[in-house]
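Numbering of residues begins at 1 and proceeds along the displayed sequence. Bear in mind the structure is a predicted one, so any value in this text is a computation, not a measurement.
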Amino acid sequence: MSGFDKVVTSYADAMAGIKDGDTVIAGGFGLCGIPEGLISEIKRLGVKDLTVVSNNCGVDDFGLGVLLEDKQIKKIMASYVGENALFEKQMLDGELEVELTPQGTLAEKMRAGGAGIPAFYTATGYGTPIAKGKEVKEFNGRPYILEESVTGEFAIVKAWKADRYGNLVFRHTAMNFNPMAATAGKITVAEVEEIVEPGELEPSQIHTPGIYVNRVIKGDFEKRIERVTTRTA
């Protein structure tokens with residue numbers, strides 16, 4: 001980077017510094033709003049023993065699922081297994097450590113981590129296996145469990161537009177986990193559809209300020225559909 005200009009032109013530069021054992025927080029939901037090229041670069045680099053924090057792990061041959069092929073992921077914190085048979089197999093075979101987490105709790109873990117909040121209380125999961133081993137406290141007569149926030153060495157997100165200063169605008173369903181994930185990385189990398197000059201984005205429309213973002217790269221997206229459903233004529 002030069003000054004405030006956070007644009008990089010290669011995926012190698014975008015993911016420079018990632019190493020074995022890192023925690024990677026990834027935005028997206030299923031195959032929607034995922035940083036496809038950044039995930040592919042992690043696969044190309046071959047880093048191992050990763051902890052991945054994401055809503056799910058893509059599908060068998062796309063998205064985060066490609067990192068399971070060479071067993072690059074040691075642990076994943078996710079809200080569901082989804083459409084990924086390899087994820088399911090590795091979990092049941094004990095090859096992949098899985099921490100299943102309610103979706104709202106997962107989002108708040110990211111948001112709290114980005115805000116510098118180490119932990120928070122939530123009623124979600126109380127009385128279920130989710131609460132096992134966690135501190136319980138009562139507020140207004142209702143029990144809550146203590147959940148720790150999450151941060152990572154890297155956060156990878158997908159946005160619609162960015163300016164060179166790293167200000168991000170997400171579009172439609174890419175607003176899922178991306179804004180929270182973007183705040184929770186020591187190094188946050190945004191893969192975007194369009195890069196504009198500073199001042200071109202309406203300030204009130206910016207979802208993630210550039211202060212959270214370290215690198216921006218313009219991607220070329222396949223935008224695969226997780227499960228295609230069509231209506232007969």
Exercise. Taking it one step at a time, do Arg164 and Phe4 satisfy side-chain contact (heavy atoms from CB on, under 4.5 Å)?
Worked result: CA-CA 7 Å; Arg164 291 185 171 274; Phe4 287 107; over 6 Å; no
Could [X] and [Y] be called an ion pair, given the rule that one side-chain N must be under 4.0 Å from one carboxylate O?
X	Y	answer
Lys43	Glu69	yes
Glu147	Lys134	yes
Lys161	Glu193	no

Contact between [X] and [Y] at the side-chain level, heavy atoms closer than 4.5 Å - yes or no?
X	Y	value
Phe120	Leu146	no
Tyr11	Ser40	no
Phe87	Lys89	no
Tyr212	Leu168	no
Glu194	Lys218	no
Val81	Met91	yes

Is it possible for you to say whether [X] and [Y] belong to one hydrophobic cluster, with membership spreading through side-chain heavy-atom contacts below 4.5 Å?
X	Y	value
Val192	Trp160	no
Tyr126	Phe139	no
Leu201	Ile195	no
Val98	Ile73	yes
Leu100	Leu50	yes

Give a yes or no answer on whether the side chain of [X] reaches the backbone of [Y] with a donor-acceptor pair at less than 3.5 Å.
X	Y	result
His207	Val169	no
Asn84	Cys57	yes
Asn167	Gly210	yes
Arg111	Met180	no
Lys109	Thr101	no
Asp5	Val7	yes
Asn55	Gln103	no
Asp93	Gln90	no
Glu191	Leu38	yes
Asp163	Tyr165	yes

What pair of heavy atoms forms the shortest contact from [X] to [Y], and how long is it?
X	Y	value
Val213	Val216	CG1-CG2, 3.9 Å
Ser79	Pro102	CB-C, 4.3 Å
Ala181	Ala155	O-CB, 3.2 Å
Ser149	Gly113	CB-N, 3.4 Å
Ala184	Val150	CB-O, 3.8 Å
Ala182	Thr208	CB-CG2, 4.0 Å

For this session: Given side-chain contact (heavy atoms from CB on, under 4.5 Å), test Val24 with Ile156 step by step and report yes or no.
Result: CA-CA 7 Å; Val24 178; Ile156 56 172; 4.0 Å; yes
Seminar exercise, completed: Output for pair (Met15 CE, Ile217 CD1), nearest 0.5 Å, gives 10.5 Å
Exercise. What do the steps show when you test Leu64 against Val66 for side-chain contact (heavy atoms from CB on, under 4.5 Å), and what is the final call?
Worked result: CA-CA 5 Å; Leu64 289 169; Val66 301; over 6 Å; no
Exercise. Looking at Asp61, Leu96, Asp60, Val52, which one forms a side chain to side chain contact (heavy atoms under 4.5 Å, CB included) with Leu68?
Worked result: Leu96
Exercise. Hey, mind stepping through Thr51 and Asp22 against side-chain contact (heavy atoms from CB on, under 4.5 Å) and telling me if it holds?
Worked result: CA-CA 6 Å; Thr51 294; Asp22 276 355; over 6 Å; no
For this session: Measure the acute angle between the ring planes of Phe29 and Tyr80, then classify it against the limits of 30° and 60° as parallel, tilted or perpendicular.
Result: tilted
